[in-house]
Amino acid sequence: MPLPYHPDVFIGRSAERARLTAALDDGRAAVLIGPGGIGKTRLAVEIAAARSEPALYVDLAGARTDEDVCSAVLSALDAAGRLGSDPVEAVGARLAREGARTLILDNTERVAGPVAAAVPRWLAQAPGLWLLLTSRRQLLAPACVEVTLAPLLPEDAVRLFVARTPQRPMVPLHAEDDAAVIEAIATRLEGIPLALELAAARLEVLPVAELARRLDQGFAVLRAPTSRVPRHAALRDAITWSWDALHPAEQDALAQASVFRDGFGLEAAEAVLALPDGFSALDALHALKRWCLLQSAPRDGRARFRMLDTIREFAAEALAAREAVAATRARHAAWFLDRARGWSRVLQPEDPPGVRRFIRADHENLVAALEHLAEDPARWPDVAQVLVALGRLSSNQRRQTWFLGWSAQALAPAAPVSDPPRQVALLLHQRAGVLRAAERLPEAVECQRQAVAIAEALGDRRLTGTLYGYLGSLFSILGDDAGAQFGYERALALARDLDAPDLEAQALIALSQCVDLRQRGDPEAAERRLLHAAALAEQAGRSLIACSALQKLGALLCEAGRLDEALEVLERAARRLAAIPDRPVFEVDVRLQLALLYHLRGQAADARAALQQARVVMQAQETPLIQACGAVCSGLIAPEALDTGALTGLEQAEAVLAGAASMNQPTLAAGQGLLAGALARLGRTRQAQAVDARITEPAWRAYAEAHQHIAAAGRAAAGGEPEAAHAALDAARQRRAGLTGRALLLCAGALALDRALQACAEGVEVWFVAADGAWFAPPGGARVSLARRPTLQPILAALLEARLAQPGEPLPQDALLEVGWPGERVVPRAARSRIYTAVRTLRRFGLDILERARDGYLLDAEAPVRRA
């Protein structure tokens, strides 16, 4: 039969189209694989319709045997006759007689074996045949290139939803007003074309905002209003078709896997899925992957599975129908609780390998386990254990709010989490950490004090020492140096009493910061402590603590102006960090400091690489303060890249840093200086001055004001006022002299300012010529007016236009004569005399870049010339 007709526009899939077209051109056979509703048939039809040879469409949804397949193909070819003893051979012969042709075999999943066997034979028999297949499961046909169809890209999903809006919607869509709601709908439907089309059709009777709210009803919304269209009338039907093809054990596996949130690993599946004897979780997951009901991808060297939300919803309904929800959720909660128990038994200076990666990957599963456990009041101690694990990763605001709410419930006087006390101390400590991340420092200190008191009462000296160290860090952020030193020294005394080199190293690192960051005491003492801390950490086998000591030592050396030594120390720390699976937050500091040091040494490629590595770590942390520091360093390394769009990052950085602790004031001043400088360069003088007024550090105020003078110099130069331009440059150089200091940020800022000065000075050292030729100004000189020479003005204007349009090409004498004396008839000798006199006069006035070339004149192509 001919190709199905689709009147509406096809959207997206450019990458898949290119890959499938190439596969057909190279190997003559390809198969599109994906779940129901993903758009396989439509894409296959679009590709076949674009090819030069004729195309036929064969629907194999009802086929079950090789004879059914062959009969369907012959029917599409309008061929009659018996198939004989070898139906595949007979169809291949007929296809050979047909000549060049593209054949679409749609819905081949139920006849995967017969199709896989027939394809290579047909290709061999019919050299002019191209085969394009679609399937909801892998065919494993060696002759076919398999292309798995993923959901639409977000921007294509939005376009498809808008394009499928009915001609007469209840409320017309408005691109600007409804953009956020439409994007939310496209995200909620995960870019599945059938879901988007069915949802868009509902706009005939629903406003778009109400449609977005009703999507929580799932399949009740995602269906056609009638059943007249048998295929794809509802998203549920598309999934049911695949479900019915599964083995009962595979159905069990899919239904039970619906209890997982945001994916799961193989070990978790083996613990949670209860399958009949003889069926393993691995086998079931493999089968579901082949049926495109599961997606899989490696993560941290391990298999990771997930299902689309629509499939998960279908599977959850199937699990409820089997009355197996409670038992499956209990197994799910038990497995994740067991993981959390292992992590919350001890509080180490660094987590065991893989813990943070696991929590990051399975955060939502841990939350689901916690919610299940919380349904039983007797299991709140287990809830607390899961909370201790989740507290390790509560970086973004949403997770912070969630954690603080749950931990408050767990620690309430009426909650049954009073025993064991050690568990309470750990939960209080994690809560203090989240409060610190949320900038609620007084509350964090109070929580940590309570945790310390419980640990001391228990007589657990190791736990007490660790908690005292963290309490000291909270005091340090608050600017309470005495409290910080007390906490650190208590931690150090307990560590030495226990002969625990790892805890001693941490305490020494913390004490070095009291000396260094507060700029009080003996810097050499801080350096000695950090070197000793690194040695102790190495002795204890604590790589992260050793790297932390090296990072702090690198910062100390940078502050002292010992940049070569700092670079060596930080490169050593970076090499060690690269070998550690779970990257710590302070790696950002290492990478950013390296980026700035490379920048100062002129190693541009190394600086960009280090900055990019820092960004990778920053994205994983989702911490605004870290993002802000990264924005500041990016601005120092590439100030010329700061345009109006990039200003947003610096403005956000300034806001975050302004609300951060006092230890970030140098970075805040740098960010404010960069922001003011960028605003000045973009001509936003009033905003630049407003930011400048907020800068408290003199050096960075000098930086910002120097940029304002540079911007003024550029404006004066562009306006043909060289004297004002040079005066502004002199003022900028004077302010540059105030940018002194040995700190790394100041060094990088000075370099950035020097480059801006140089670039502006080069811009000022040019010849300026008025567009109408009324004046010109040599580099660094005053304007030369031609007001009393009306003949010379158009000649100079013509020379300028020729210089800007085609540098190096002379303007013929005839052209100069026409602009200088338009319409006059002049004999050749008199014309040459007039032009010679005009040129000599311009040169006598100082335009010494005016040159003769061939039979004409030009402004020197090598001289910098600008139109004023």
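These numbers come from a predicted model, not from an experiment.
In terms of heavy-atom proximity, Val181 sits nearest to Val208 at CG1-O, 3.8 Å. In terms of heavy-atom proximity, Arg329 sits nearest to Val259 at CG-CG1, 4.1 Å. Between Arg312 and Ser258, the closest heavy-atom pair is NE-O, 3.1 Å. Taking all atoms of both residues into account, the shortest heavy-atom contact from Pro166 to Pro169 is O-CD, 3.1 Å. Here the shortest heavy-atom pairing between Ala112 and Leu139 reads CB-CD2, 3.5 Å. When all heavy atoms of Ala340 and Gln385 are compared, the pair lying nearest together is CB-O, 3.9 Å.
In this structure, Lys40 NZ and Leu132 CG are separated by 12.0 Å, a value rounded to the nearest 0.5 Å. Asp283 CG to Leu275 CG: the interatomic distance, rounded to the nearest 0.5 Å, is 9.5 Å. Distance check, rounded to the nearest 0.5 Å: CZ of Arg137 to CZ of Arg290 gives 7.0 Å. Ile185 CD1 to Arg213 CZ: the interatomic distance, rounded to the nearest 0.5 Å, is 10.5 Å. In this structure, Arg136 CZ and Leu149 CG are separated by 13.0 Å, a value rounded to the nearest 0.5 Å. Here the CG atom belonging to Leu222 is positioned 11.5 Å from the CG atom belonging to Asp237, to the nearest 0.5 angstrom.
With hydrogens and angles disregarded, no donor-acceptor distance shorter than 3.5 Å links the side chain of Glu190 to the backbone of Pro151. Checking side-chain atoms of Arg101 against main-chain N and O of Leu56 turns up no donor-acceptor pair under 3.5 Å. Side-chain atoms of Thr21 never come within 3.5 Å of backbone atoms of Ala18 as a donor-acceptor pair (strictly under, hydrogens ignored).
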Salt bridge (Lys or Arg N to Asp or Glu O under 4.0 Å) assessment of Glu16 paired with Arg19 | CA-CA 5 Å; Glu16 293 94 335; Arg19 186 178 174 192; over 6 Å; no
Report the C-alpha separation of Glu197 and Arg164 in whole Å, then their side-chain angles, then the decisive distance to 0.1 Å, and conclude whether the salt bridge (Lys or Arg N to Asp or Glu O under 4.0 Å) test is met.
-> CA-CA 6 Å; Glu197 292 181 349; Arg164 298 300 186 264; 3.2 Å; yes
Could you give me the CA-CA distance, side-chain angles and deciding distance for Arg121 and Asp86, then say whether side-chain contact (heavy atoms from CB on, under 4.5 Å) is met?
-> CA-CA 12 Å; Arg121 294 179 62 185; Asp86 191 345; 2.8 Å; yes
Check the pair Arg304 / Asp362 against salt bridge (Lys or Arg N to Asp or Glu O under 4.0 Å), numbers first and verdict last.
-> CA-CA 10 Å; Arg304 185 83 182 167; Asp362 275 297; 3.1 Å; yes
Could you walk me through whether Val73 and Leu103 pass the side-chain contact (heavy atoms from CB on, under 4.5 Å) check?
-> CA-CA 9 Å; Val73 174; Leu103 187 63; 4.1 Å; yes
So Asp8 and Arg42, salt bridge (Lys or Arg N to Asp or Glu O under 4.0 Å) or not? Walk me through it.
-> CA-CA 11 Å; Asp8 45 27; Arg42 181 66 190 272; 2.9 Å; yes
Test Asn365 against His332 for side-chain contact (heavy atoms from CB on, under 4.5 Å), laying out the working first.
-> CA-CA 8 Å; Asn365 280 314; His332 175 276; 3.1 Å; yes
Start with the C-alpha distance between Lys289 and Gln295, add both sets of side-chain angles, then the distance that settles side-chain contact (heavy atoms from CB on, under 4.5 Å), and finish with yes or no.
-> CA-CA 6 Å; Lys289 169 68 164 56; Gln295 300 171 325; 5.8 Å; no
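Using modelled atom types, one finds no donor on one side chain facing an acceptor on the other under 3.5 Å when comparing Asp68 with Ser71. There is no side-chain donor-acceptor pair under 3.5 Å between Gln256 and Thr328. Between the side chains of Glu89 and Gln125, a donor-acceptor pair is found at a separation under 3.5 Å. A donor-acceptor pair shorter than 3.5 Å can be found between the side chains of Asn107 and Asp59.
Within 6.0 Å of the CD atom in Glu375, the count of heavy atoms belonging to other residues, nucleotides or ligands exceeds 12.
Looking at heavy atoms from C-beta onward, Leu152 lies in side-chain contact with Pro193 at the 4.5 angstrom threshold. Side-chain contact between Arg379 and Val383 is absent, with no heavy atoms from C-beta onward closer than 4.5 Å. Using a 4.5 Å cut-off on side-chain heavy atoms (C-beta onward), Arg168 and Glu204 make no contact. When side chains are defined from C-beta on, Trp291 does not count as touching Leu254, because their heavy atoms never get closer than 4.5 Å. Within the 4.5 Å cutoff, the side chain of Leu293 has heavy atoms near those of the Leu246 side chain. For the pair Ile11/Phe161, no side-chain contact is recorded, criterion being any heavy-atom separation below 4.5 Å from C-beta on. Using a 4.5 Å heavy-atom cutoff, the side chains of Cys70 and Val88 are in contact. Counting only heavy atoms from C-beta outward, the side chains of Phe314 and Met307 never approach each other to under 4.5 Å.
Glu317 and Arg236 are joined by a salt bridge, as a carboxylate oxygen and a charged side-chain nitrogen come within less than 4.0 angstrom of each other. Taking a cutoff of 4.0 Å between a charged side-chain nitrogen and a carboxylate oxygen, Arg188 and Glu183 do not qualify as a salt bridge. Salt-bridge formation is detected for the pair Arg302/Glu267: a Lys NZ or Arg NE/NH1/NH2 atom is positioned less than 4.0 Å from an Asp or Glu carboxylate oxygen. Remark: Glu155 does not engage Arg159 in a salt bridge, criterion side-chain N to carboxylate O under 4.0 Å.
Taking the ring centroids of His6 and Phe10, they lie at or beyond the 6.0 Å cut-off. Residues His247 and Phe279 bring their aromatic ring centres within 6.0 Å.
Within the cation-pi definition used here (under 6.0 Å to the ring centroid, within 45° of the axis), Arg51 qualifies as a partner of Trp130. Figure legend: Arg331 and Trp335 shown without cation-pi pairing, the cationic atom not lying both under 6.0 angstrom from the six-membered ring centre and within 45 degrees of its axis.
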